[in-house]
Amino acid sequence: MEHRTDALAEAERLMTVCNSCRYCEGLCAVFPAMEERRSFADADLEYLANLCHNCGACYHDCQFSPPHEFNVNVPLVLAQVRNDSYGHHAWPRALQPMFRRNGFKIAVATALTVTLFLLGMFAINGPDLVFSAHLSPENFYALMPHNVMVALFGTAFLFMCVAIVMSARSFWIATEGRDPDYPTGPIDIAGAGHDAATLRYLGGGGEGCMNADEAPDDDRKLWHHLTFYGFLLCFAATSVATLYHYLLGREAPYPWWDLPVVLGTLGGLGLVAGPVGLLRAKLRRLPDLTDRTRHDMDFAFISMLFATGLTGLLLVALRQTPAMGVLLALHLGVVMALFLTMPYSKFVHGVYRAMALVRHRREQRRHTAG
Ligand code: SF4
Ligand code: SF4
């Protein structure tokens with residue numbers, strides 16, 4: 001079968017070998033999904049690749065992994081296919097090259113937005129106000145009016161949502177494989193939500209994630225949970241603050257015990273601790289298991305989350321000092337870059353994986369029904 005890339009062709013070869021062997025079928029969702037098919041088109045391979053959590057278990061369990069001549073390395077090849085799928089489905093097409101040299105481009109975008117926010121804040125307010133705004137009752141809004149903040153971040157957020165929805169739509173249409181007898185239903189979505197929220201398939205068949213020393217552990221699951229739930233808590237903090245502002249007429253800054261600050265602080269701590277752990281785990285991983293040509297993409301997204309958490313925490317901790325103005329510009333610049341680059345970053349792995357898990361749940365339902 002013709003394939004779009006060398007990685008897809010290699011993935012087809014490996015899935016054909018694995019389909020004859022089937023030793024790993026209890027390890028994760030990939031192998032049962034593979035067993036449902038006899039041939040592997042590009043869309044099938046993208047679906048399988050996004051089901052894979054790169055736990056490494058099938059590499060360590062495989063009697064055909066290198067140096068065997070069969071050279072079976074499922075985690076690596078599926079990682080390559082998965083990483084290629086992000087760029088292939090990105091919307092708009094003109095921005096698909098963002099996934100090439102992704103780390104460099106995200107760094108440039110972040111440097112630009114942070115510089116613009118810093119320069120803008122000094123140019124519009126002047127240094128005196130920037131360094132004394134913490135004394136003003138309006139605090140943050142003395143430097144940037146609430147309506148300006150909403151207009152800027154609302155526009156960026158809207159763009160991010162549209163780009164992610166369009167990219168997800170492309171992935172779903174390409175890989176969903178309609179089944180008129182078993183259309184996707186709420187039970188599939190709920191089941192996939194559970195699998196994603198618990199990182200069920202990062203468990204390597206129950207023992208944990210394989211790392212450099214081949215001793216399974218759950219380190220990556222822990223750090224990923226801290227990062228993911230930290231992100232959700234920060235999002236919840238912003239949502240609650242928006243409701244306070246528009247429904248209750250209560251303007252920021254809020255006292256330390258109020259819900260937006262509590263949620264934001266807990267979320268920020270998760271966004272600092274989780275990414276540090278993920279970076280450490282990534283550096284310790286056996287190089288054979290990871291697509292090293294795309295490490296910059298992984299590091300860029302993890303660093304963006306870390307920078308968002310750190311600048312947010314510093315802003316809360318030092319908001320009653322003269323550093324508040326500069327920290328506000330830094331935090332807003334980082335968050336703006338995060339919003340704008342999210343559809344072109346590792347963030348999309350969560351979206352595509354969730355959709356692959358939905359399809360897998362549906363396939364399993366059909367399989368069980370016979
Ligand atoms: S990874 Fe190796 S052991 Fe596992 S199913 Fe494939 S060929 Fe068999
Ligand atoms: S690396 Fe883990 S999740 Fe990926 S195919 Fe192998 S066992 Fe499954």
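From a predicted model like this one, the values you see are computed outputs, not experimental measurements. Start at 1 and go down the list; that is how both ligands and their atoms are numbered.
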Looking only at protein heavy atoms, which one is nearest to [atom], and how far off is it?
| atom | result |
| --- | --- |
| atom 7 (S) of ligand 1 | F64 CD1, 3.5 Å |
| atom 8 (Fe) of ligand 1 | C21 SG, 2.3 Å |
| atom 2 (Fe) of ligand 1 | C62 SG, 2.3 Å |
| atom 1 (S) of ligand 2 | G56 N, 3.3 Å |
| atom 3 (S) of ligand 2 | H53 N, 3.3 Å |
| atom 4 (Fe) of ligand 1 | C24 SG, 2.3 Å |

Practice task
Quick one: do Y47 and F40 satisfy ring-ring contact (aromatic ring centres under 6.0 Å, His included)? Show the steps, please.
Solution key: CA-CA 10 Å; Y47 159 57; F40 301 94; over 10 Å; no
Handout entry: Mode of N54 contact toward ligand 2 - side chain, backbone, both, neither (heavy atoms, under 4.0 Å)
Key = backbone
Practice task
Answer side chain, backbone, both or neither: which part of Y59 comes under 4.0 Å from ligand 2, heavy atoms only.
Solution key: neither
Practice task
Answer yes if the ring centres of F122 and F131 are under 6.0 angstrom apart, and no otherwise.
Solution key: yes
Residue pair [X] / [Y]: nearest heavy atoms and the distance that separates them:
| X | Y | result |
| --- | --- | --- |
| H360 | P32 | CE1-CB, 4.2 Å |
| A7 | Q80 | CB-CB, 3.9 Å |
| L76 | D288 | CB-O, 3.5 Å |

Atom indices of ligand 2, in the order listed, that fall short of 4.0 Å to a heavy atom of [X]:
| X | answer |
| --- | --- |
| P75 | 1 (S) |
| C28 | 3 (S), 5 (S), 7 (S), 8 (Fe) |
| C58 | 1 (S), 5 (S), 6 (Fe), 7 (S) |

Does the side chain of [X] come under 3.5 Å of the side chain of [Y] through a donor N or O and an acceptor N or O?
| X | Y | result |
| --- | --- | --- |
| H88 | E46 | no |
| R37 | N19 | no |
| T321 | H134 | no |

Exercise for the section: Would you kindly specify which portion of Y23 sits under 4.0 Å from ligand 1, judged on non-hydrogen atoms: side chain, backbone, both or neither? Expected result: both
Handout entry: Atoms of ligand 1, numbered as shown, that sit under 4.0 Å from any heavy atom of Q63
Key = 3 (S)
Handout entry: Check ion pair R13-E10 (N to O, under 4.0 angstrom)
Key = yes
Problem - cation_pi(R362, Y182) dist<6.0 Å, angle<=45 - result: no
Practice task
Measure from atom 2 (Fe) of ligand 2 to each N, O or S atom of C52 and report whether any distance is below 2.8 Å.
Solution key: no
Problem - Heteroatom test (N, O or S) for C18 near atom 8 (Fe) of ligand 1, limit 2.8 Å - result: no
